[in-house]
S.K.: 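I'd like to ask you about the structure that follows.
The first residue in the sequence is number 1, and the count goes up from there.
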Amino acid sequence: MAIVVDLDVQLARHGLSVGAFAAAVGITPANIAVLKNGRAKAIRFTTLDAICRTLDCQPGDILRWVPDDPRAPDGSAGPGHPGGPGSPGGTNGGRGGTA
């Protein structure tokens, strides 16, 4: 997954347990675990708002983007990178890669 959730850092900074944090945000500890373990497919803006209010932080303090495929060692662009397969002007007309 390209989006990483850094809740552990903020919870430690605030000295909050998962249970106390879940209660303050209004979601279950199991859903906090889903977020922390990178298994979440989506997050509601209302939940993100509650997380940011509870932790007194910005969304960028807990969410960060990491590329899935770093550039190849030879310097060529990989899938989804400008000029690589899957990009407009790539070898497959911008369809996002092969299946």
S.K.: Would you please name every residue forming a side chain to side chain donor-acceptor pair (under 3.5 Å) with T28, sequence neighbours left out?
M.R.: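 Counting only residues at least two positions away or on another chain, T28 forms a side chain to side chain donor-acceptor pair (under 3.5 Å) with N31.
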S.K.: Would you indicate whether the side-chain heavy atoms of H14 and L55 approach each other to under 4.5 Å?
M.R.: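 Heavy-atom side-chain distance check passes, below 4.5 Å.
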S.K.: Check whether more than 12 heavy atoms from other residues, nucleotides or ligands sit under 6.0 Å from atom CG of N37, and answer yes or no.
M.R.: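 Atom CG in N37 is crowded, with more than 12 foreign heavy atoms closer than 6.0 Å.
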S.K.: Any idea which heavy atoms bring A22 and P29 closest together, and the distance?
M.R.: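 So the minimum-distance heavy-atom pair works out to CB-N, 3.7 Å.
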S.K.: Would a 4.5 Å heavy-atom cut-off, applied to side chains only, mark R44 and L48 as touching?
M.R.: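 Sidechains of L48 and R44: no contact.
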S.K.: State whether the side chain of D61 and the backbone N or O of C57 hold a donor-acceptor pair below 3.5 Å, judged by distance alone.
M.R.: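 No, the answer is negative, given that no donor and acceptor are paired below the 3.5 Å cut-off.
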S.K.: So, using salt bridge (Lys or Arg N to Asp or Glu O under 4.0 Å) as the criterion, who are the partners of R13 when residues are at least two apart?
M.R.: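 R13 satisfies salt bridge (Lys or Arg N to Asp or Glu O under 4.0 Å) with no residue once adjacent residues are dropped.
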S.K.: Under 4.5 Å between any side-chain heavy atoms of T47 and I27, yes or no?
M.R.: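 In short, these two side chains touch, coming nearer than 4.5 Å.
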S.K.: If you round to the nearest 0.5 Å, how far is CD1 of I32 from CZ of F21?
M.R.: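 Between atom CZ of F21 and atom CD1 of I32 there are 4.5 Å.
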S.K.: If you group Ile, Leu, Val, Met, Phe, Trp and Tyr by side-chain heavy-atom gaps below 4.5 Å, do L16 and V34 land in one group?
M.R.: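 Result: no, two separate clusters.
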S.K.: Taking it one step at a time, do V9 and I62 satisfy side-chain contact (heavy atoms from CB on, under 4.5 Å)?
M.R.: CA-CA 8 Å; V9 174; I62 57 168; over 6 Å; no
S.K.: Counting C-beta onward and ignoring hydrogens, is there a side-chain heavy-atom pair between L35 and I51 closer than 4.5 Å?
M.R.: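 Sidechains of I51 and L35: in contact.
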S.K.: Taking the side chain as C-beta and beyond, is there a heavy-atom pair between R64 and D6 under 4.5 Å?
M.R.: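 In short, these two side chains touch, coming nearer than 4.5 Å.
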